[in-house]
Amino acid sequence: MSYEAVEAAARAIAERTGRESHDVGLVLGSGLSAFAESLADSVSIDSAEIGFPQPRVAGHAGRIVSATIGGVRLLASAGRVHTYEGWDLADVVFGVRALVLAGCNVVILTNAAGGMGPGLVPGDLVALRDHINMVARNPLVGPNDSRFGPRFPDMSAIYPAGLREIVAKSAADVGIEYKEGVYAWQLGPSYETPAEIQMLASVGADVVGMSTVPEAIALAHMGVPVVGISLVTNLAAGISTTPLSHEEVTEIAGAARTKFTALLTNLIPRLGRT
Ligand code: HPA
């Protein structure tokens with residue numbers, strides 16, 4: 001996907017939303033897209049119509065939703081595409097690049113994840129401190145388009161401490177507890193084996209999932225800071241005594257919706273003011 005294709009999508013977003021620019025971008029993970037539907041005075045676009053790759057799951061049309069929260073212009077994307085569906089990484093990161101060219105100068109990436117960090121239980125929210133790319137793939141492989149960013153971008157502060165402090169303030173404001181941790185990207189679609197989870201825990205990962213990392217790399221390449229939020233939907237393989245299932249993931253995500261919504265509703269205006 002070329003720079004021009006991303007630019008065209010960003011232009012289409014501006015035209016269809018009637019908003020020349022946006023402030024904060026948001027990518028909604030598995031089971032978390034209800035947040036986009038709950039927004040008042042929003043404009044919703046079928047993302048297929050503006051060139052976004054579409055999730056290859058029946059009944060999961062991608063949507064781009066524009067809304068203002070506390071005066072801050074939010075651009076949310078529901079229905080991300082995953083590498084395990086067979087997409088090229090350039091397609092996987094198309095959406096976040098479009099959010100940035102549509103004006104967002106900070107992006108919140110959310111996901112459902114398995115938890116293996118100390119004390120993590122299903123329902124916990126984890127603000128990402130860093131990530132580990134376990135997939136040996138990278139969205140920046142290939143010719144570098146310097147309009148996106150440099151050939152060899154720095155990755156030492158993808159999830160800046162200053163933004164994590166803002167998450168802490170929001171969580172305190174709305175009275176929810178959350179933790180901080182490191183996210184490990186696994187390709188999927190199979191869940192991990194217990195031995196793989198032990199290895200991930202031993203190298204410092206707290207949560208594991210099948211998304212977020214390619215998008216975070218593409219955003220860091222563009223010089224855009226990331227807030228990463230994982231919802232722990234299950235204990236990771238081997239830590240859990242029961243088999244993992246997608247139903248469990250969506251059920252826990254649904255149950256955590258209230259606190260997730262409360263956190264985002266407080267956080268988005270704060271981020272827009274930074
Ligand atoms: N592993 C990988 N991805 C996931 C998990 C998990 O345990 N839970 C939700 N997404």
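For ligands, and for the atoms within them, numbers begin at 1 and follow the listed sequence. Predicted model, so just to flag it, every value in this text is computed and none were measured.
Proximity of a side-chain donor or acceptor of Asn111 to a complementary backbone N or O of Gly29 within less than 3.5 Å is not detected. Side-chain N or O atoms of Lys259 include one that pairs as donor or acceptor with a backbone N or O of Gly123 at under 3.5 Å.
For Ala113, every heavy-atom contact with ligand 1 shorter than 4.0 Å involves the backbone, none the side chain. Only the side chain of Asn234 comes within contact range of ligand 1, with a heavy atom under 4.0 Å; no backbone atom does.
Crowding of Glu20 atom CD: a count of heavy atoms from other residues, nucleotides or ligands under 6.0 Å not exceeding 12.
Listed by number with element, the atoms of ligand 1 under 4.0 Å from a non-hydrogen atom of Leu244 are 7 (O). Which parts of ligand 1 touch Ala112 is read off a 4.0 Å heavy-atom cut-off, strictly below it: atoms 9 (C), 10 (N). Close approach of ligand 1 to Tyr191 (heavy-atom distance below 4.0 Å) involves ligand atoms 1 (N), 2 (C), 4 (C), 5 (C), 6 (C), 7 (O). Interface of Glu192 with ligand 1, defined as ligand atoms under 4.0 Å from a residue heavy atom, comprises 1 (N), 2 (C), 6 (C), 7 (O).
The distance criterion of under 3.5 Å between nitrogen or oxygen atoms is met by Gly114 with respect to ligand 1.
Contact annotation: Gln186 has no heavy atom less than 4.0 Å from any atom of ligand 1.
Considering His131, Glu180, Arg129 in turn, His131 is the only one that fulfils the side chain to side chain donor-acceptor pair (under 3.5 Å) rule with Tyr159. Paired with Ser230 under the rule side chain to side chain contact (heavy atoms under 4.5 Å, CB included), one option of Thr110, Asp206, Leu128 passes, and it is Leu128.
Nearest-heavy-atom check against atom 9 (C) of ligand 1 across Val207, Leu187, Thr233 picks out Thr233. Nearest to atom 4 (C) of ligand 1 by heavy-atom distance, out of Val208, Leu231, Val232, is Val208.
Of all protein heavy atoms, the one lying nearest to atom 3 (N) of ligand 1 is Gly209 CA, 3.4 Å.
Residues Val72 and His22 are not in side-chain contact: their nearest non-hydrogen atoms beyond the backbone lie 4.5 Å or more apart. Using a 4.5 Å heavy-atom cutoff, the side chains of Leu74 and Ser66 are not in contact.
Atom CD1 of Ile268 sits about 14.0 Å away from atom CZ of Arg73, to the nearest 0.5 Å.
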